[in-house]
There are 2 protein chains.
Amino acid sequence: MTGKNKPVSSRRLRFAVIAIDVVLFTVMDNALKVLLMHVHRPPFFIHRLGVPGGLIDPKETADEAAYRHLAEKGGFNDVALEQLGTFSAIDRDPRGRVVSVAYMGLVPQGKSGLPDDRDVCFQSVDNLPPLAYDHNRIVASAVEHLRTKIAYTAAVAAVLPKLFSFGDLQRIYEIILGYPLDKRNLRKKIMTLGMLKKVGKKRSGAAHRPAELYTFVKQKNSADKRVF
Amino acid sequence: MTGKNKPVSSRRLRFAVIAIDVVLFTVMDNALKVLLMHVHRPPFFIHRLGVPGGLIDPKETADEAAYRHLAEKGGFNDVALEQLGTFSAIDRDPRGRVVSVAYMGLVPQGKSGLPDDRDVCFQSVDNLPPLAYDHNRIVASAVEHLRTKIAYTAAVAAVLPKLFSFGDLQRIYEIILGYPLDKRNLRKKIMTLGMLKKVGKKRSGAAHRPAELYTFVKQKNSADKRVF
DNA sequence: CCAAAAGTGTTTGTTATACACCCATGG
DNA sequence: CCATGGGTGTATAACAAACACTTTTGG
């Protein structure tokens, strides 16, 4: 996203303004969803949707701006964000030159933290409508990044509750990736990451064998990584 | 890099200007080197060095600005650049708020393309002096990125001449990575990338068996990558 | 006893690593 | 003939992928 509430008057600018956009994912209703907000900037964007974002303030870094806008517009705090890249196509904002640093984050399933009745919502990343600005592109890049990243990190921890079963975890992976996984192989792969700890309780109450519950433990820093 | 020739007057700005910085690598004299330029911005930077860079113009993308500044300041054309990330620490440029998009590229060994007697030079990435702005940080990030990337792409093609021997290639890898490699294993790994073609000639003239010469062929696009 | 999800091992193929010797040439 | 870098293969370990049955519970 790019505009805040006041329109961008390009006459006041040296040549560009800097914004951030945040692609905030969650997993809900069996789908990978992204947080979208109502964008209305006639005559360019009439009742479109776009990811939350806004300008960088003089006294904050891009990272700080990303956290701030996400908190202000979506009510999300304590989300780990990661920089994706910077989008600078000249006409990405038809109102003026705006360069945007894109971020990506993940929040827990379901409990949205969203104030009710705001013009923000999560929508499935499949079949997104045309979004404002270059946000389809930004979201696509974020999805690709997310899919790559969960293969070798514990990024899904952010979307799972404190305690979860292996089945929960597998569902998250399958929804994000969009294809089914073998549960034995997934278990092995996840276990080799060494970030999962059995918590010693089980979840009963369903019409099947109770599931062991797990929790994520701190990621170990991976020393210096030899690539060969 | 951040400043151009005119000083950045922050009063004229909405809140920031956008620059690009280019970390241009080459391999020379048995070392991984980075292109540095003289930076003199009293009272902040007195005869320092920094990577080439400059402001983004109103009518160009960040990528275009990177190519332009690299050509203008270093005389390099036809270099493939890749975006590394955006650096936005508030005080990274003590003269005002400047957010910079960092790029990375590789040029062939030796033939520098540099106009003689300019205040630009390649320096070894080890033991760099304190650079202007946050350029030590940017270079460090570029080095890490480069090391990671050569493990699974033919990026080193950019630093090798059209024709090269396997020994040449191995030397490049070892210099970039900073540790020795097994030549049989490297050969297998490179061959599985499928980007190398034997050219049918040999290089004789040295006091040892003549080396087969190779050339890089186009990279094949890797379809959709399943991560599991 | 049935349905539903949980849990578990083995086999096979692929990839990564470690390792040592002969080859062709120039001097 | 010797020094120099060029070129090659194999054995082992680690990892990825495919695959099916038993367990425990609620209803």
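Here the structure is a predicted model, which is why all the values come from computation and not from measurement. In what follows, every chain begins at residue 1, and chains take the letters A, B, ... in the order their sequences are listed.
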Task: Contact residues, residues 169-181 of chain B to DNA chain D [heavy atom, < 4.0 Å] - done: none
Open item on the list: Show me the pairs that pass ring pair (Phe, Tyr, Trp, His ring centres under 6.0 Å) and involve residues 146-165 of chain A, at least two apart or across chains.
Closed with: F164(A)-F216(A)
Open item on the list: Please report the distance, rounded to the nearest Å, between NZ in K201(B) and P in dG6(D).
Closed with: 19 Å
TODO: Treat primed atoms plus P, OP1 and OP2 as sugar-phosphate and everything else as base, then score nucleotides 12-23 of chain D 5' to 3': B for base contact with protein heavy atoms under 4.0 Å, S for sugar-phosphate contact only, - for none.
DONE: -----BBBB--B
Task: Under the salt bridge (charged side-chain N to carboxylate O under 4.0 Å, His left out) test, residues paired with D126(B) that sit two or more places apart - done: none
Task: Atom pair distance, as rounded to whole Å: CZ in R187(B) and P in dG6(D) - done: 9 Å
Task: Contacts of T26(A) that satisfy side chain to side chain donor-acceptor pair (under 3.5 Å) - sequence neighbours left out - done: none
Task: Results of salt bridge (charged side-chain N to carboxylate O under 4.0 Å, His left out) for R137(B) - residues two or more places apart only - done: none
Open item on the list: Holding to ring-ring contact (aromatic ring centres under 6.0 Å, His included), I want the full list of residues that pass it with Y67(B), two or more places apart in sequence or in another chain.
Closed with: none
N/O donor to acceptor pairs below 3.5 angstrom from side-chain atoms of residues 203-213 of chain A, sequence neighbours left out:
from, atom 1, to, atom 2, distance (Å)
R203(A), NH1, D168(A), OD2, 3.4
R203(A), NH2, D168(A), OD2, 2.7

Open item on the list: List the residues meeting salt bridge (charged side-chain N to carboxylate O under 4.0 Å, His left out) with E82(A), not counting sequence neighbours, and say none if there are none.
Closed with: K149(A)
Task: With sequence neighbours excluded, residues passing side chain to side chain donor-acceptor pair (under 3.5 Å) with N185(A) - done: K188(A)
Task: With K33(A) via salt bridge (charged side-chain N to carboxylate O under 4.0 Å, His left out) - residues at least two apart - done: D29(A)
Task: Span of DNA chain C, from the first to the last nucleotide whose atoms fall under 4.0 Å of chain A heavy atoms - done: dA3(C) to dT17(C)
Open item on the list: Do R187(B) and F166(B) form a cation-pi contact, if we require the NZ or CZ to be under 6.0 Å from the six-membered ring centre and within 45 degrees of the ring's axis?
Closed with: yes
